[in-house]
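Below, chains carry the letters A, B, ... as their sequence lines are ordered, and counting in each starts from 1. Because the structure is a prediction, the values reported are computed rather than measured.
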Amino acid sequence: MPSLLDNLNPEQLAAVTLPAQHALILAGAGSGKTRVLTTRIAWLIQTGQVGPHGVLAVTFTNKAAKEMLARLSAMLPINTRGMWIGTFHGLCNRLLRAHWREAALPQTFQILDSADQLSAIKRLLKALNIDDEKYPPRDLMHFINASKEAGLRAHAVEAWDDFTRRRVEIYQEYENQCQREGVVDFAELLLRTYELLERVEPIRAHYQARFRHILVDEFQDTNVLQYRWLKLLAGGGACVMAVGDDDQSIYAFRGAEVGNMRDFEREFRVPNVIRLEQNYRSHGNILDAANAIIKNNAGRLGKNLWTDRGSGEPIRVYEAMSDTEEARWVVEEIRSLVMEGTARREIALLYRSNAQSRVLEHALFTANLPYRVYGGLRFFERQEIKHALAYLRLIANPDDDTAFARVVNFPTRGIGARSLEQLQDAARPVMGEGAASLWAAAKNLGGKAGQSVGVFVALIDRLRAACEGLSLPEMVEQAIELSGLVAHYKTEKEGQDRLANLDELVNAAVNFVSEEGFPVEQPPGDAVTDAPVVPPDPLASFLAHASLEAGEHQAGDSDDAVQLMTVHSAKGLEFNIVFISGLEEGLFPHENSILEDKGLEEERRLMYVAVTRARERLYLSFAQTRMLHGQTRYNMKSRFLEEIPELLTKWLTPKVRPQRVAEPTWGNRYYEPKPAYPSAPPVRTRYETENSGGGFRIGQQVQHAKFGQGVIVSAEGSGSDARVQVNFGREGIKWLALSVAKLTPA
DNA sequence: TGGGAGTGCTTTTTT
DNA sequence: AGCACTCCCA
């Protein structure tokens with residue numbers, strides 16, 4: 001009979017079968033981390049050391065949680081539904097739904113995503129008449145979130161100057177507003193749960209007794225509050241297994257504390273630290289490069305990846321003249337890879353910052369190579385979806401002012417800025433009593449504004465009545481119909497996609513219901529709290545789901561496409577072929593990071609993550625000239641390139657470039673000498689010109705219907721975008737788009 | 001109310 | 001250079 005433990009290497013096996021004690025697993029990139037984590041859970045359950053009920057497994061992303069659940073149900077014949085495996089936020093949501101009373105929340109509390117939070121802050125500033133130039137909403141949002149993530153309520157934030165004192169006041173006002181509206185932001189989910197467990201002894205004791213084994217994925221990404229949260233839950237003698245890689249900590253900028261790993265080891269007196277250093281992903285040269293890079297960081301917990309796969313190919317390095325030329329080289333290289341049979345989806349194009357994708361996309365597009373860019377708008381973040389959800393939110397909780405303000409006049413129903421201002425005024429707190437919600441104020445608003453707002457209130461009431469007793473998907477249909485959203489987008493000329501997305505929202509509701517299988521199990525904890533048993537509300541659950549899991553970035557283009565993404569979003573993924581472009585000082589490492597404390601080390605970890613994404617072949621490239629923020633910049637090559645031992649690399653371009661060159665002498669067809677003047681138009685190469693359509697090249701004599709004879713001086717772009725600069729002598733020098741101008745060889 | 005012009009920002013991102 | 005956001009005018 002096959003065992004769970006088959007095919008584990010000794011370290012993995014040791015980790016999986018550790019006795020019931022705390023453990024820290026230092027899992028290098030590609031060392032089988034997820035496998036260890038899931039097998040550990042399966043093994044604990046299979047050997048009867050714990051029931052599915054007694055396990056708590058925490059991840060950072062929904063994707064990771066889903067994968068864990070999927071693998072687990074493949075390993076064990078158990079129903080994983082109902083197991084406490086999920087993201088920090090998802091699990092907190094679950095706890096707060098079960099104990100909403102003790103957490104002082106309405107039963108149908110809503111979750112604000114970042115965009116909702118920002119608009120809530122803007123609305124607050126307006127209501128309080130606060131200058132948003134002096135207190136930019138974005139800064140306030142960061143301030144508030146950072147405070148919460150440090151576990152600090154407004155009264156606990158230290159403020160030594162007037163500015164901070166004012167910000168703290170705003171923080172407090174924001175909290176009041178959220179509480180009044182019955183909404184929580186992401187950080188609040190964590191903090192509120194933490195406080196609930198800390199404050200209410202029976203609930204804490206219940207969960208402490210329940211969870212015997214706590215497992216944490218990507219532990220290096222935990223922030224202060226998450227770590228405290230874990231300590232609290234583990235306080236009843238649970239065993240904590242933390243899995244992480246300090247070398248892959250790349251989220252310090254959003255509050256992640258690598259130091260938690262050291263603290264964990266010390267505070268839990270962890271008897272078992274296991275290093276997973278055998279890498280199953282990459283060839284030796286790639287690993288050696290990664291090791292050589294990360295070695296330059298100080299204070300590591302220490303780890304050295306190795307493989308038995310053999311050293312493989314050298315790492316290819318390319319120096320381009322310009323960003324455009326770099327992109328063209330990448331595309332050319334991809335083309336030949338694809339020609340040789342490489343699947344496009346196995347090729348990843350990584351860059352440090354999103355702005356770099358444009359040039360690459362352009363080159364790919366021109367070359368007619370299918371590609372997919374990660375990042376950008378996700379399904380539940382689209383405006384039409386957020387509008388529809390806002391209507392649903394108002395059904396669930398009319399006091400949700402964010403939802404109210406979002407759709408009170410969308411589709412337009414004659415409620416302009418003035419009416420809204422009156423409404424805000426009416427909702428403003430009066431002496432002795434707190435502020436009212438916009439909804440409550442709307443019900444009592446008189447005058448002309450009162451009339452038009454009354455129409456909206458009536459609409460929501462009608463919608464709520466219409467939804468009575470309906471299934472979730474039917475409710476969604478009612479909402480998008482009665483609200484007028486469908487009618488609105490039907491008249492809009494670009495509305496087709498939006499209508500399709502609204503349909504898709506109905507589908508999402510159908511799927512949600514079938515996956516969750518309402519009515520689900522009892523919310524846990526009733527025994528503790530004596531709360532009346534309330535079946536979970538499908539609408540509230542669905543809305544929480546929409547906030548917590550924003551969905552796919554793009555409609556499932558599962559086509560075979562080249563993958564473009566930032567290094568950050570590549571974390572956790574792997575590809576046969578990886579290109580890391582823009583390896584230039586100022587870009588990667590990013591210039592802003594140089595000034596930050598420990599910034600450079602984080603950049604280096606980022607580089608480490610990037611390099612370890614590759615299985616078989618790694619390309620590194622940089623450009624001498626790059627357009628950034630509308631200006632041409634001349635960057636030096638990245639220090640990270642220098643950190644890779646020379647013998648691991650193969651330069652596709654000469655490593656040392658002569659200062660002045662009249663003609664390229666080293667036969668590389670991609671290479672052209674530097675332009676004579678920095679201000680000269682972007683570098684063109686003969687290669688590009690030949691590819692620019694029409695087969696023109698620099699120096700060629702051409703004929704133009706109006707300007708007569710001329711000679712091509714330079715060219716840029718390619719495909720339909722190709723332009724050439726032609727010197728027509730007396731007629732002057734002109735730029736001509738080849739797709740427009742009729743040029744013939746003369 | 002909606003579109004067009006003007007303004008300012010620009011590392012990385014999940015929940 | 002682009003893009004998002006604001007403001008002002010018809």
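- Ionic pairing of A/Glu584 and A/Arg639 is not present here: no N-O contact between side-chain nitrogen and carboxylate oxygen is shorter than 4.0 angstrom.
- Distance from the side chain of A/Phe253 is smallest for B/dT13 among the nucleotides B/dT15, B/dT1, B/dT13.
- DNA chain B is contacted by both A/Glu381 and A/Ile250; A/Ile250 maps to the nucleotide lying nearer its 5′ end (nearest heavy atom per residue).
- With distances taken from any side-chain atom of A/His629 to the nucleotides B/dT10, B/dT12, B/dT15, the minimum falls on B/dT10.
- Backbone-only contact: A/Tyr251 has heavy atoms under 4.0 Å from sugar-phosphate atoms and none from a base.
- Rounded to whole Å, atom C1' of B/dT14 lies 16 Å from atom CE of A/Met565.
- A search for side-chain contact (heavy atoms from CB on, under 4.5 Å) contacts involving A/Ala363 returns A/Ala327, A/Val331, not counting sequence neighbours.
- The separation between A/Phe380 atom CZ and B/dT15 atom C1' is 14 Å, rounded to whole Å.
- Proximity of A/Asn354 to the phosphate of B/dT12: a side-chain N or O atom is located under 4.0 Å from OP1 or OP2.
- A gap of 23 Å separates the C1' atoms of C/dC5 and B/dT12, to the nearest Å.
- The CG-P distance, from A/Leu225 to B/dT15, rounds to 17 Å in whole Å.
- Checked by atom type, the side-chain pair A/Gln117/A/Asp185 shows a donor-acceptor distance below 3.5 Å.
- Each of A/Phe186, A/Trp229, A/Tyr194 was checked for a ring-ring contact (aromatic ring centres under 6.0 Å, His included) with A/Phe88, and the lone residue meeting it is A/Trp229.
- In this model, the phosphate group of B/dT15 is not approached by any side-chain N or O of A/Arg254 to a distance below 4.0 Å at OP1 or OP2.
- The phosphate of B/dT15 has neither OP1 nor OP2 within less than 4.0 Å of any side-chain N or O from A/Ser547.
- Aromatic ring pairs are classed by plane angle as parallel below 30°, tilted from 30° to 60° and perpendicular above 60°; the pair A/His568 and A/Tyr251 is tilted.
- In this entry the distance linking NE2 of A/His142 with C1' of B/dT15 reads 14 Å, nearest Å.
- Using the six-membered ring where Trp is involved, A/Tyr489 and A/Phe410 have ring planes that are tilted, between 30° and 60° apart.
- With DNA chain B read from its 5' end, the first of the two nearest nucleotides for A/Asn409 and A/Glu549 is the one closest to A/Asn409.
- A/Leu420 is linked by a side-chain contact (heavy atoms from CB on, under 4.5 Å) to A/Val408, A/Ile415, A/Leu423, counting only residues two or more places apart in sequence or in another chain.
- Interface remark: the A/Ser114 side chain does form a donor-acceptor pair with the B/dT15 base, using a distance-only criterion of under 3.5 Å.
- Heavy-atom contacts of chain A under 4.0 Å fall on DNA chain C between two terminal nucleotides, which in 5' to 3' order are C/dA1 to C/dC3.
- Side-chain N/O atoms of A/Asn62 include one lying less than 4.0 angstrom from OP1 or OP2 on B/dT15.
- The interatomic distance linking A/Gln117 (CD) with B/dT13 (P) rounds to 19 Å, in whole Å.
- Per the geometry, CZ belonging to A/Arg352 stands 5 Å off C1' belonging to B/dT12, to the nearest Å.
- Of all nucleotides listed (B/dT1, B/dT13, B/dT11), B/dT13 comes nearest to the side chain of A/Ser569.
- Atom CG of A/Asp113 is separated from atom C1' of B/dT14 by 11 Å (rounded to the nearest Å).
- B/dT15 has no base stacking with the ring of A/His89 when judged by centroids under 5.5 angstrom apart and an interplanar angle below 30°.
- C/dC3 sits 23 Å from B/dT14 when the C1' atoms are compared, rounded to a whole Å.
- Whole-Å rounding puts the A/Arg138 CZ to B/dG8 P distance at 17 Å.
- Contact annotation for A/Glu218: no contact, since no heavy-atom pair falls under 4.0 Å across all strands.
- Using a 4.0 Å cut-off between charged side-chain N and carboxylate O, A/Glu188 and A/Arg153 make a salt bridge.
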